[in-house]
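Residue indices begin at 1 and follow the sequence shown. What you are looking at is a predicted structure, and each value in this text was computed from that prediction instead of being measured.
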Amino acid sequence: MQSKRIILRILRLTYTISLIFTFPLSPFTSQAQYTVTHLEKPINTTGSETGAFRLGDTVLVYSSMEHDAGKNSQFDVGGPLMKVYQARIARNGRFGKPHPDRWGLNSKRDHTGNIAFDPWTLDIFFTRGDVESLNCEIYFAKHKKRRGWDAPVKLKGPVNLPGYTSTHPAVARLADSTVILYFVSNRPEGLGGMDIWYTLVKNGYSQECVNLGPMVNSSADEITPFYDQHNGVLYFSSNRPGGLGEHDIYCSVGQRNSWQQPESACQCLNSPENDLYFTITHHDSTTGRPLRGFLASNRADSYYLTDSSCCNDLYQWSVDTMEREKWKAERDSTDTLATDTPALNPQLLSPNSFMFPLFLYFHNDEPDPQSRAATTATSYTQCQHHYASLRNEYISHQHNAADSTMMALFFDTCVVGNYNQVEALFDYIESLLDEEHSVTITIAGFASPVYKEDYNLNLSHRRIASFINMVRAWRGGIFEEALDKGHLILEQKPHGAVGSADKPTQAVEPTTESRSTDPVYGLPAAMARRIEILGCEVK
């Protein structure tokens with residue numbers, strides 16, 4: 001019981017620390033004032049327009065489907081196809097005449113829409129939908145070095161599951177530059193209806209698909225995600241109970257499958273009808289708050305022929321001038337008090353202000369299960385992403401509700417939260433190296449005592465090696481030169497056995513400290529499988 005009390009104390013401390021570094025929720029949840037403007041013809045038609053965003057300052061990109069008065073539904077077989085359109089944006093902000101895209105994305109037999117650009121590479125992700133089954137799949141078009149895009153191909157890997165829909169892609173980036181693709185699917189193991197999932201993408205291949213979990217998803221439909229990379233906020237639409245209309249816009253702070261409680265966007269953005277496809281195109285340069293963007297809705301002033309419920313139109317939202325003046329006043333006030341208020345952003349703190357030792361955790365016997373090698377080609381980033389995806393599996397193995405709550409807290413604050421603190425630490429180390437300091441990071445590695453000593457020691461080495469691999473690959477190799485020249489030193493201290501339950505083929509006796517249905521999934525074992533960043537010395 002004493003050990004369990006210590007574990008609880010560590011978890012509570014970690015949770016408190018994580019709250020300090022959590023972004024506030026989106027300003028859209030406040031009573032700020034925003035203007036929502038209906039785009040005029042010919043952008044909007046009596047058909048349906050969705051998914052608008054700006055490509056740079058000169059091109060509007062969106063999806064459109066013409067209205068067919070001879071069909072009961074726009075999606076009847078033989079009806080018009082949804083296509084991607086683009087229109088020039090003049091200096092005065094007016095839109096030119098739209099035309100189908102000239103990039104080769106549209107199909108002659110399938111619906112095409114839901115465009116998502118990777119702003120770092122200009123690669124395109126989009127959806128194609130079968131006109132008969134209406135099942136959708138996500139496609140990918142790689143941007144050419146000079147101009148244009150390669151011919152689109154279906155995104156490889158598990159993201160497109162036969163017999164189910166995968167749609168509404170949204171592109172974001174992890175701190176190490178890995179592409180994370182949020183998308184919508186009705187695949188098995190969801191929480192009901194359409195859920196939002198994520199997958200990591202590399203070279204046109206998707207990896208394991210992970211449900212964002214019950215903090216974001218519900219038994220209703222969650223659709224049209226958009227991730228604001230600038231502020232770390234996910235926007236999506238849902239028809240869950242309690243909204244203002246049919247589908248309302250919600251937002252949640254977080255990343256991957258670690259999220260704060262979603263909140264509804266303010267009533268000035270939502271309406272009694274469907275409000276979908278929320279995007280942000282501009283941020284305030286000083287506060288980082290969203291300034292302008294688009295959404296789609298079938299609210300009262302949308303264009304239609306006979307039935308408004310059939311057809312969404314595009315709307316542009318923007319912050320009122322008085323609201324921007326208020327933000328400026330708040331910023332000026334904050335600047336005045338800056339000398340009296342300590343900064344909470346970990347990127348601005350000295351290394352001694354980080355919480356050392358900083359623990360980074362591993363799933364059972366990872367990396368490279370059952371290997372006897374002392375090194376690995378696997379990055380800790382890969383290990384952490386896989387471990388974070390097992391959150392629900394670990395919770396399902398717990399003995400009771402209290403243990404399940406502790407395990408959820410462990411994943412949210414330790415497995416995910418500690419990784420986020422490492423990201424902040426790396427940002428600070430980068431700034432130190434830019435100032436020509438030398439930095440030494442000391443890393444200790446641990447394994448369990450249930451197998452042979454040499455195996456445990458090699459496993460400890462592999463875990464440290466995975467961290468070194470992550471450092472070398474970070475953001476395309478920004479630390480490579482410093483490592484090679486000795487300006488960044490990674491001091492290794494493999495310790496071998498400590499804790500419990502690392503070898504899957506080795507039986508482990510349950511203890512009173514671990515009431516999991518499988519000791520491998522117990523909290524003591526989970527907390528024992530780790531490396532520790534012991535400190536950061538700066539010269």
Side-chain angles (χ1 to χ4, degrees), residues 45 47-51 62-85 100-101 103-116 124-141 151-171 181-199 201 204-212 217-225 236-239 246-247 274 276-277 296 298 304 307 309-312:
T45 69
S48 188
E49 285 72 42
T50 59
Y62 64 99
S63 303
S64 179
M65 181 188 296
E66 297 175 0
H67 190 280
D68 189 339
K71 298 291 181 178
N72 293 325
S73 167
Q74 284 192 299
F75 290 94
D76 282 347
V77 176
L81 292 177
M82 176 169 281
K83 298 178 181 179
V84 176
Y85 282 75
D101 91 87
W103 307 323
L105 303 182
N106 289 322
S107 169
K108 294 182 179 179
R109 64 177 185 179
D110 296 326
H111 297 295
T112 305
N114 305 326
I115 297 289
I124 297 176
F125 296 85
F126 66 99
T127 294
R128 280 188 180 166
D130 182 80
V131 296
E132 294 186 3
S133 68
L134 295 184
N135 280 341
C136 297
E137 295 178 308
I138 297 174
Y139 278 68
F140 169 77
V153 295
K154 188 188 301 183
L155 188 60
K156 298 179 177 64
V159 67
N160 291 315
L161 186 63
Y164 298 92
T165 278
S166 296
T167 186
H168 299 163
V171 182
L181 190 73
Y182 297 101
F183 68 99
V184 171
S185 180
N186 59 349
R187 64 186 57 212
E189 300 182 5
L191 300 183
M194 303 293 284
D195 278 1
I196 303 176
W197 300 67
Y198 82 82
T199 182
V201 178
Y205 284 83
S206 63
Q207 300 179 23
E208 181 181 12
C209 299
V210 182
N211 192 288
L212 266 58
N217 291 314
S218 70
S219 59
D221 291 328
E222 282 71 43
I223 57 176
T224 63
F236 62 95
S237 292
S238 177
N239 59 354
E246 297 181 19
H247 281 85
N274 285 312
L276 312 160
Y277 293 95
N298 63 337
Y304 61 92
D307 182 5
S309 65
C310 77
C311 310
N312 294 303

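Judged purely by atom type and a 3.5 angstrom limit, Asn274 has no side-chain atom pairing as donor or acceptor with the backbone of Asn298. A side-chain donor-acceptor contact under 3.5 Å links Ser206 to the backbone of Val159. With hydrogens and angles disregarded, a donor-acceptor distance shorter than 3.5 Å links the side chain of Ser238 to the backbone of Asp221. For the pair Asn217 (side chain) and Ile196 (backbone), a donor-acceptor distance under 3.5 Å is present.
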Query raised in the report: Passes side chain to side chain contact (heavy atoms under 4.5 Å, CB included), Thr50 versus Leu276? Steps please.
Result: CA-CA 8 Å; Thr50 59; Leu276 312 160; 5.9 Å; no
Report task. Check step by step if side chain to side chain contact (heavy atoms under 4.5 Å, CB included) holds for Leu105 and Phe126. Result -> CA-CA 9 Å; Leu105 303 182; Phe126 66 99; 3.8 Å; yes
Report task. Please test Glu246 against Asn239 for side chain to side chain contact (heavy atoms under 4.5 Å, CB included), starting from the C-alpha separation and ending with a verdict. Result -> CA-CA 5 Å; Glu246 297 181 19; Asn239 59 354; 5.7 Å; no
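In terms of heavy atoms, Cys136 sits closest to Gly129 at SG-CA, 3.8 Å. Trp197 and Glu189 get closest at one heavy-atom pair: CH2-O, 3.9 Å. Annotation for Met65 and Met82: closest pair CE-CB, 3.7 Å, computed over non-hydrogen atoms. Heavy atoms only, all atoms of each residue included: Tyr85 and Pro100 are closest at CD2-N, 3.6 Å.
Contact annotation: the side chain of Val184 never approaches that of Glu222 to less than 4.5 Å [non-hydrogen atoms, C-beta and beyond]. Looking at heavy atoms from C-beta onward, Arg187 lies out of side-chain contact with Asn211 at the 4.5 angstrom threshold. Between Asp101 and Ile115, the closest side-chain pair of non-hydrogen atoms is not below 4.5 Å. With contacts defined as side-chain heavy-atom distances shorter than 4.5 Å, the pair Phe125/Val171 qualifies. Within the 4.5 Å cutoff, the side chain of Asp195 has no heavy atoms near those of the Leu212 side chain.
For the residue pair Ser166 and Glu137, no side-chain donor N or O sits within less than 3.5 Å of a side-chain acceptor on the partner. Looking only at atom types and distance, the side chain of Ser107 has no donor-acceptor partner in the side chain of Thr112 under 3.5 Å away. Checked by atom type, the side-chain pair Glu49/Ser64 shows a donor-acceptor distance below 3.5 Å.
Distance check: Leu161 CG to Asn186 CG gives 9.0 Å after rounding to the nearest 0.5 Å. Considering CZ of Phe236 and CE of Met194, their distance stands at 14.5 Å, rounded to 0.5 Å. The structure places CD of Gln207 at 9.5 Å from OH of Tyr198, a figure rounded to the nearest 0.5 Å. Atom CG in Asp110 sits 11.5 Å away from atom CG in Asn135 (nearest 0.5 Å).
Seen from the ring of Tyr139, Arg128 counts as a face-on cation partner, given the 6.0 Å and 45° thresholds.
Ring-plane geometry between His168 and Tyr277 is classed as perpendicular, the angle between the planes exceeding 60 degrees on a 0 to 90 degree scale with a lower cut at 30.
When Asn114, Thr199, Asn160, Thr167 are each tested for a side chain to side chain contact (heavy atoms under 4.5 Å, CB included) with Phe183, only one passes: Thr199.
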